[in-house]
Participant: 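Let me begin by handing over the structure; questions about it come next.
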Protein chains: 2
Amino acid sequence: MIETLVSAPDPADVLRVDLCAIIVAVTDGTPRILTIESAESDPIASRALRALPWGPLDPRTDRTLERTLRSWVARQSRLALGYVEQLYTFDEGRAGEGLRRISVAYLALMQEQTIPQAGAGWQDVYHFFPWEDWREGRPELIDRCLLPGLTHWLGALGDPLQAERERERVEIYFGLDGAPWVPERVLERYELLYQAALVPEAGAQADSVLGLSMAFNHRRVLATALARLRGKIKYRPVVFELLPPRFTLWQLQQVAEALTGMSLHKQNFRRLVEQGGLVASTGEFAYDTGGRPAQLFRFRRRVLRERPAPGVGLPGGFRDS
Amino acid sequence: MIETLVSAPDPADVLRVDLCAIIVAVTDGTPRILTIESAESDPIASRALRALPWGPLDPRTDRTLERTLRSWVARQSRLALGYVEQLYTFDEGRAGEGLRRISVAYLALMQEQTIPQAGAGWQDVYHFFPWEDWREGRPELIDRCLLPGLTHWLGALGDPLQAERERERVEIYFGLDGAPWVPERVLERYELLYQAALVPEAGAQADSVLGLSMAFNHRRVLATALARLRGKIKYRPVVFELLPPRFTLWQLQQVAEALTGMSLHKQNFRRLVEQGGLVASTGEFAYDTGGRPAQLFRFRRRVLRERPAPGVGLPGGFRDS
DNA sequence: TCAAAAGTGTTATCCTTACACCCATGT
DNA sequence: ACATGGGTGTAAGGATAACACTTTTGA
C-alpha cells in the first residue's frame, strides 16, 4: 500500500541475495554442466554469455533457500533437481549501479536430460578448464600456455619476497618441481590464473585456449564446484547420484575418471569398489558393452553403516594403458 | 535525504544478512569457543543467552563478507582473528516481525586469549554436546539419556515406514548395532536429536543434561563447525592454527584429541605425525612437561608440497590407556 | 625412589599396487 | 580369428596397529 507512495530506495541500501546452481551430469565419460543464456549479454561482443541458472531470492517468498533454488531451476530449464548441496556463498561486491549482491551457490547432481528450453544446454566442464583433464596424460596446454603466462606474471611482480611466495603457490598447485598434481586443488589453480590475469572473469574476448568464459563470476563458482566434487567423491558415495540405479563397473569408473580428470587402473578400481562394499551385483547383465556382457551393479546402501567414509578412492596408480 | 521522508518499508520486503563467527581455541586439552551475551535475552528465564559473536551486514559498508566479520568480532570482543574460513549459510526463515534473515557463518581458529569485554568468554565445546566427547570412553549419557529419548521418539512416529528409516539413521549416526562411531557426523547427530525434540534450539529450559543451549540456532551452527573441523583435521594441517609456533608432540596430540573427541594411541600418533613429515624438530626442549623434557617441534610447511592431503590421521586405534 | 611423561623398537596384519592371465561376446 | 571389454589370481611392498621396553626429568 505505502509502496506506491515512496520513491525508489537508495540503491546503496539495497542488498540482494541471489541463488545459483551448478547442475552436473556425466554422460559417456563427459562431465557436463547445465548453462543458460545470460540475460545480460556481453557489452562488447554483443552476444549472450553462458551463465549458470540463477535468480534472486525474493524476501516475500516464504521458502527455504534450497526450495527457492529448485523452483528457479524448474522455471528456467524445466528440470526437477534430485541431490542438492550448498556449495559456497560468494560476495559479489557492489555491481555497477551500486547494488550490493551476495550469491549462494548450490551443487546439484543428476543424470543428463534433454532441455526443452531455448538457450539452455549442457557444456563440457573441461571446456572451461582444459588444464584440469589429465585423462589422456598431462595436458600439453600446461607447458605451452599456462606456465609461460604464469612465469611472465611472476617476473613482473615488484616485490621479490612476494614473487617467491607466489612461485611456491604455482609449484604446489600445478605440481611442479617434484610436487604431485592434486586434482582437488581446482579452485586454487583457477585463482592463481585469475590473479595472473590469464582467465578474466566475464570479460569480452575471454574465450580462449585457456577455456570458455562465463557470465559474472560463474566460472569461479564452477571451479569451486569441481573442487568440492573431486574432494567429496573420495569419502562420500556421490558418484551414484550421477548414475542410473543399475550400472556396470566400467560406467562407474568412467564417472569417477570424468570427475577427477585422471585415468584409473581398471582392475584395482574394481577391487576397491567391490571389496569396499560400495556396490552389490544385481545378477543382471548389460549386453551392449561391445565385448563380453557386463554385470549390472547397484549402490549398496548398507555401506553407509559399515564404513565411516565410503567413497571411490583415488589410488596413486592412474594411467591404465 | 529521502530516507527521512518515507515511512518504514514493509518488513516483508526486507532481507537481512547476518554474519556470525565460531571462534575455536584449544587450551590444556579443552576445546573452547568464544561466546557473548545475546542482546535478545531469554523471554522466559529473563537471563542473557549465550550467543556466537554476530552482526548484520550493512550494505552501505563496502567490504567483503570476511572483512566485515573481522571488524564485528574486533568490536564485540577485541579479538583480531587469524585463520578464518567460511562455514555455511543458514536460512533463518522469517523471524517474529516478518523480517527475512540469512546468516553466513565463519569458522576461525586461534589460541585462547583473555577477553576484556564483559559478557564475552570461552566455553567448553563439549558442554554443548556432551555426547561428542569420547576421550574417557563412550559417554554413559548416551545410554542413559540419549537412546531412551530417541527410542521413545521412534515409537511415537506414526508411519512405520518412516520409523524404520529413522531407526536406521539413529543406528548409523550413533554407532549402534555394529556401526562404527564416526566423530565427524556431529551435525547429523544434532539434527536427529533436534527432530526428536531432545535439544530445543534457543528455548527456555533448554540447558539440560543434554547440553547447554544457545541463542537463535547457534548451537546448530556450532555443530556444523565441529563437524567441519573434525573432518578437515584429517586432510589439512589446521591443528597448527590452534598451537603456538613451537609445541611438543604431546600438545599436538592433545589438540587432535580435543577436536576429534577420541583418545589416540600415543606412539602411533607420534610416528604418523613425524613420518608423515608434518612436523620438524627445532632442537629446543620444553622442561615444564612434568617428566622428561620434550622436544619442541614446528609445523613443517614443506609438507604442503609433498603430500596431497597433509593432516593428522585418525587411526582406528584409540584409547591409549 | 617413584611417578610421569618422552622416546625407541619390533612384529603381525592388512591394504594397496602392479603384474599376468583367462573369459565371453560381436564383427 | 581377433578386437573389445569383462573378470580373476597372486605376490611384493608399504602402511597401520598393538605390543613391550628404555630414558630422562621433578618431587
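We use all heavy atoms of the structure for the numbers below, so side chains are in, but hydrogens, waters and symmetry mates are not. Remember, predicted model here, so these are calculated numbers, not experimental data. Every chain is numbered from 1, with letters handed out A, B, ... down the list of sequences.
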Participant: Is any N or O donor-acceptor pair between the side chain of B:Lys266 and the base of C:dA6 shorter than 3.5 Å?
Facilitator: yes
Participant: Students often get this wrong, so: under 4.0 angstrom with heavy atoms, is B:Arg270 touching a base, only sugar-phosphate, or nothing?
Facilitator: sugar-phosphate
Participant: From NE2 of A:His265 over to P of D:dG7, roughly how many Å is that when rounded to an integer?
Facilitator: 15 Å
Participant: Can you tell me which nucleotide in C:dA18, D:dA17, C:dA20 comes closest to the side chain of A:Gln267?
Facilitator: C:dA20
Participant: Given D:dG7, D:dT16, C:dT17, identify the nucleotide with an atom nearest to the side chain of B:Leu272.
Facilitator: D:dT16
Participant: Would A:Arg230 and A:Glu132 pass as an ion pair if we require N to O under 4.0 Å?
Facilitator: yes
Participant: Take the protein atom CZ of A:Arg292 and the nucleotide atom C1' of C:dT27, then report the distance between them rounded to whole Å.
Facilitator: 19 Å
Participant: Among D:dA17, D:dT24, D:dG6, which nucleotide sits nearest the side chain of B:Asn268?
Facilitator: D:dA17
Participant: Could you state the CZ-C1' distance from B:Phe269 to C:dG7, rounded to the nearest angstrom?
Facilitator: 15 Å
Participant: So that I can tick it off, tell me whether B:Glu274 and B:Arg270 are bridged by a salt bridge, with the cut-off set at under 4.0 angstrom between side-chain N and carboxylate O.
Facilitator: no
Participant: Please give, in whole Å, the distance from C:dA20 C1' to A:Arg271 CZ?
Facilitator: 12 Å
Participant: Just how far, in rounded Å, is P of C:dA6 from CG of B:Asp288?
Facilitator: 11 Å
Participant: A side-chain contact here means heavy atoms from C-beta on lying under 4.5 Å apart; do A:Phe174 and A:Leu193 qualify?
Facilitator: yes
Participant: Take A:Gln251 and B:Pro293, find for each the nucleotide of DNA chain D with the closest heavy atom, and name the residue whose nucleotide sits nearer the 5' end.
Facilitator: A:Gln251
Participant: Tell me which of A:Gly290 and B:Ala294 sits closer to the 5' end of DNA chain C, going by the nucleotide each one is nearest to.
Facilitator: B:Ala294
Participant: Roughly, in whole Å, what's the span from CD in B:Gln254 to C1' in C:dA5?
Facilitator: 11 Å
Participant: In whole Å, what is the span from the OH atom of A:Tyr287 to the C1' atom of D:dG6?
Facilitator: 13 Å
Participant: How about A:Tyr190 and A:Glu188: does a side-chain donor come under 3.5 Å of a side-chain acceptor?
Facilitator: no
Participant: Verify salt bridge (charged side-chain N to carboxylate O under 4.0 Å, His left out) between A:Arg165 and A:Glu168, making sure each step is shown before the conclusion.
Facilitator: CA-CA 5 Å; A:Arg165 271 199 307 270; A:Glu168 194 188 22; over 6 Å; no
Participant: Without decimals, in angstroms, what is the distance between A:Leu249 CG and D:dG7 C1'?
Facilitator: 9 Å
Participant: Counting heavy atoms from C-beta on, name the nucleotide in D:dG6, C:dA6, C:dT17 closest to the side chain of B:Trp250.
Facilitator: C:dA6
Participant: Taking only side-chain N and O atoms of A:Gln275, does any of them lie within less than 4.0 angstrom of OP1 or OP2 on C:dC15?
Facilitator: no
